[in-house]
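Residues: numbered from 1 along the sequence shown.
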Amino acid sequence: MRLLHTSDWHVGKTLKGRSRLDEQEQVLREIVGIAREHEVDAVLVAGDLYDTAAPSAQAQQLVVRTLMGLAKGGTQVIAIAGNHDHPAAIDAYRPLAGAAGITLVGTVRTAARGGVVEFTARSTGERATVAVLPFLSQRYAVRAAELVANTPAENTGAYDQQLRDILGALTAGFRDDAVNLVMAHLTVLNGVFGGGERAAQSIFEYAVPATVFPVESHYVALGHLHRRQRIDAPCPVHYCGAPLAIDFGEQDNTSVVCLVEASPGTPAKVTDIPITSGRRLRTVRGTVAELAALAEQAGEDFLRVWVREPARAGLREEVVALLPNALEVRIDPEFAAPVAASRPSAGPERTPSELFREYLGTRNVADPRVEQLFARLHDRVTGGG
């Protein structure tokens with residue numbers, strides 16, 4: 001059977017105040033096209049459909065339309081909540097989504113109540129069993145472990161043990177005559193961060209070893225880390241990564257979806273399919289003159305600019321005039337003002353203008369226009385002019 005693994009859409013995510021909904025729509029349309037081109041039997045969406053727990057109506061409309069597009073023609077679509085999603089809101093859509101052939105799982109569930117999804121591949125007639133584990137915070141891990149694994153209340157061990165118990169219960173029904181799959185949104189030890197993850201929910205306390213996944217798994221589809229990577233484990237464990245870089249920390253990541261081919265008794269074969277939609281993110285450095293020479297090369301890329309000149313009034317405006325897609329403009333650290341160790345305490349009393357000139361010196365700014373503007377504002381506020 002053929003499966004498509006994707007995750008971390010982060011629909012609704014903005015970049016430095018710039019909406020990227022149009023790009024996100026292009027990327028998701030491309031994913032729908034890939035699913036149809038390869039006639040996949042199922043699409044696994046491993047969490048973080050949205051960027052926020054309270055997505056806009058436009059973001060929700062795009063996600064719903066995409067899920068329905070993926071499910072068109074009878075493709076199985078299974079999606080779980082990530083740490084950016086609102087689990088209860090995802091579950092609220094379950095009845096409507098189910099009527100459209102889409103399985104949504106927002107919160108951890110027992111196998112009998114939706115924690116395990118079974119389907120028959122339309123292309124081969126093979127059976128598939130999918131154990132689904134939405135993002136689980138430490139706050140709810142004990143409660144979920146008790147619910148799913150029937151763990152005694154006093155057994156409040158480490159987070160990884162609780163997830164091991166939950167996954168053990170969900171995968172207990174794996175069969176030799178079926179393709180056994182796990183889909184989860186979590187951090188695996190030794191996984192490499194993509195650059196845009198929410199650090200508070202990705203740190204060591206939330207990381208689990210790859211051994212939590214049973215060796216009987218034909219494929220483990222993970223979401224949460226935005227970098228495409230395979231995790232060393234006794235079974236195939238993969239992060240597909242985010243299909244669109246969500247900030248400049250992810251500018252060098254490769255955007256793909258994973259095409260997975262699996263049969264009972266055979267480990268999965270995984271093929272990366274590049275995602276080409278969406279604008280590229282780039283970081284450029286140089287003087288204003290050097291940046292002017294880069295203007296034609298920048299094209300439609302969104303830019304982070306490090307200016308290799310001391311700060312001065314109007315510098316940012318000059319850069320943006322040359323590079324309209326510059327979303328972030330900073331002074332290169334080499335040219336940034338040194339931090340003063342301490343303020344002089346002795347000497348004659350100085351005027352506000354002298355103190356401001358001293359401050360400008362500490363920031364490595366030498367611009368008479370700024371001093372003149374300060375003087376006019378000071379006079380206006382104090383009634384001196």
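For the residue pair D22/Q26, the side-chain donor-acceptor check at 3.5 Å is not satisfied. In the model, R122 has a side-chain atom that pairs as donor or acceptor with a side-chain atom of T75 under 3.5 Å. Counting only N and O atoms by type, the side chains of S123 and E39 include no donor and acceptor under 3.5 Å apart.
Under the 4.0 Å criterion applied to side-chain N and carboxylate O atoms, R20 and D51 are not assigned as salt-bridge partners. For the pair R279 and E23, the salt-bridge criterion is not met [side-chain N within less than 4.0 Å of a carboxylate O]. Under a 4.0 Å N-O distance rule, the pair E318/R312 qualifies as a salt bridge.
A distance-only check finds no donor-acceptor pair linking the side chain of D272 to the backbone of C258 [under 3.5 Å]. Here the side chain of H84 pairs no donor or acceptor atom with the backbone of L49 at under 3.5 angstrom. With Q297 contributing its side chain and L294 its backbone, the two residues share no donor-acceptor pair below 3.5 Å. Looking at R36, its side chain does come within 3.5 Å of a backbone N or O of G69 through a donor-acceptor pair. With hydrogens and angles ignored, the 3.5 Å screen pairs a side-chain donor or acceptor of R227 with a backbone N or O of F193. One N or O on the side chain of Q24 and one on the backbone of G12 form a donor-acceptor pair closer than 3.5 Å. No side-chain donor-acceptor contact under 3.5 Å links E126 to the backbone of T124. Checked by atom type and distance alone, the side chain of R308 never pairs as donor or acceptor with a backbone atom of T287 at under 3.5 Å. A side-chain donor-acceptor contact under 3.5 Å links N180 to the backbone of R175. Listed for the D176 side chain is no donor-acceptor partner under 3.5 Å among the backbone atoms of G265.
No side-chain heavy atom of L225 sits less than 4.5 Å from a side-chain heavy atom of V188. A heavy-atom distance below 4.5 Å is not found between the side chains of T66 and V11. Inter-residue side-chain proximity for T283 and W306 is flagged as met; some heavy-atom pair is nearer than 4.5 Å. Looking at heavy atoms from C-beta onward, T6 lies in side-chain contact with V45 at the 4.5 angstrom threshold. Using a 4.5 Å heavy-atom cutoff, the side chains of V40 and L259 are in contact. By the 4.5 Å heavy-atom criterion applied to side chains, F374 and L360 are not counted as neighbours. Taking 4.5 Å as the limit, some side-chain heavy atom of L222 sits within range of a side-chain heavy atom of L186. F213 is not listed as a side-chain neighbour of P234, based on a closest heavy-atom distance of 4.5 Å or more.
Nearest heavy atoms, L181 versus F174: O-CZ, 3.4 Å. In this structure, E30 and S277 approach most closely via the heavy-atom pair OE1-OG, 2.6 Å. Y50 approaches Q60 most closely through the heavy-atom pair OH-CA, 3.4 Å. Nearest heavy-atom pair, A295 versus L323, reported as atom, atom and distance to 0.1 Å: CA-CD2, 3.6 Å. Residue S255 comes nearest to L244 through the heavy atom pair OG-N, 4.0 Å, listed as atom of the first residue, atom of the second, then distance. Minimum interatomic distance between A35 and V43 (heavy atoms only, all atoms of both residues): CB-CG2, 4.3 Å.
Atoms NZ and CG, on K13 and L21 in that order, are 14.0 Å from each other to the nearest 0.5 Å. The CG atom of L303 sits 6.5 Å away from the CZ atom of R282 when rounded to the nearest 0.5 Å. Interatomic distance, R228 CZ to N253 CG, rounded to the nearest 0.5 Å: 12.0 Å. A distance of 5.0 Å separates CZ in F248 from CG in L15, rounded to the nearest 0.5 Å. The distance from the CD1 atom of I102 to the CZ atom of R94 is 12.5 Å, given to the nearest 0.5 Å. Atom CG of residue D41 and atom CG of residue L4 lie 11.0 Å apart, to the nearest 0.5 angstrom.
Transitive grouping of hydrophobic side chains (ILVMFWY, heavy atoms separated by less than 4.5 Å) brings V329 and V284 into a common cluster. Criterion: ILVMFWY side-chain heavy atoms under 4.5 Å apart, direct or through other members. Under it, V63 and V27 are part of a common hydrophobic cluster. A continuous path of hydrophobic side-chain contacts links I80 to L44 [ILVMFWY only; heavy atoms under 4.5 Å]. Neither V108 nor V105 shares a network with the other; the hydrophobic side chains, linked directly or stepwise wherever heavy atoms of I, L, V, M, F, W or Y lie under 4.5 Å apart, form separate groups for each. V256 and V220 fall into different hydrophobic clusters, where Ile, Leu, Val, Met, Phe, Trp and Tyr are joined by side-chain heavy atoms under 4.5 Å apart, directly or via other members.
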Exercise for the section: Apply side-chain contact (heavy atoms from CB on, under 4.5 Å) to the pair D91 and R109, showing each step before the final yes or no. Expected result: CA-CA 11 Å; D91 277 342; R109 295 172 169 269; 3.7 Å; yes

Problem - side-chain contact (heavy atoms from CB on, under 4.5 Å) between W9 and I31, worked out - result: CA-CA 11 Å; W9 295 350; I31 292 174; 4.1 Å; yes

Exercise for the section: Could you walk me through whether D160 and L189 pass side-chain contact (heavy atoms from CB on, under 4.5 Å), step by step? Expected result: CA-CA 10 Å; D160 65 271; L189 286 172; over 6 Å; no

Handout entry: Evaluation steps, side-chain contact (heavy atoms from CB on, under 4.5 Å), between V370 and F356
Key = CA-CA 10 Å; V370 177; F356 185 67; 3.8 Å; yes

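Side-chain rings of H238 and Y219 approach one another, their centers coming within less than 6.0 Å.
Taking the six-membered ring where tryptophan is involved, the planes of H224 and H185 are tilted, since the angle between them lies from 30° to 60°.
Checked against ring pair (Phe, Tyr, Trp, His ring centres under 6.0 Å), Y359 has no partners two or more places apart in sequence or in another chain. With sequence neighbours left out, the side-chain hydrogen bond (donor to acceptor under 3.5 Å, both in side chains) criterion links E37 to no other residue.
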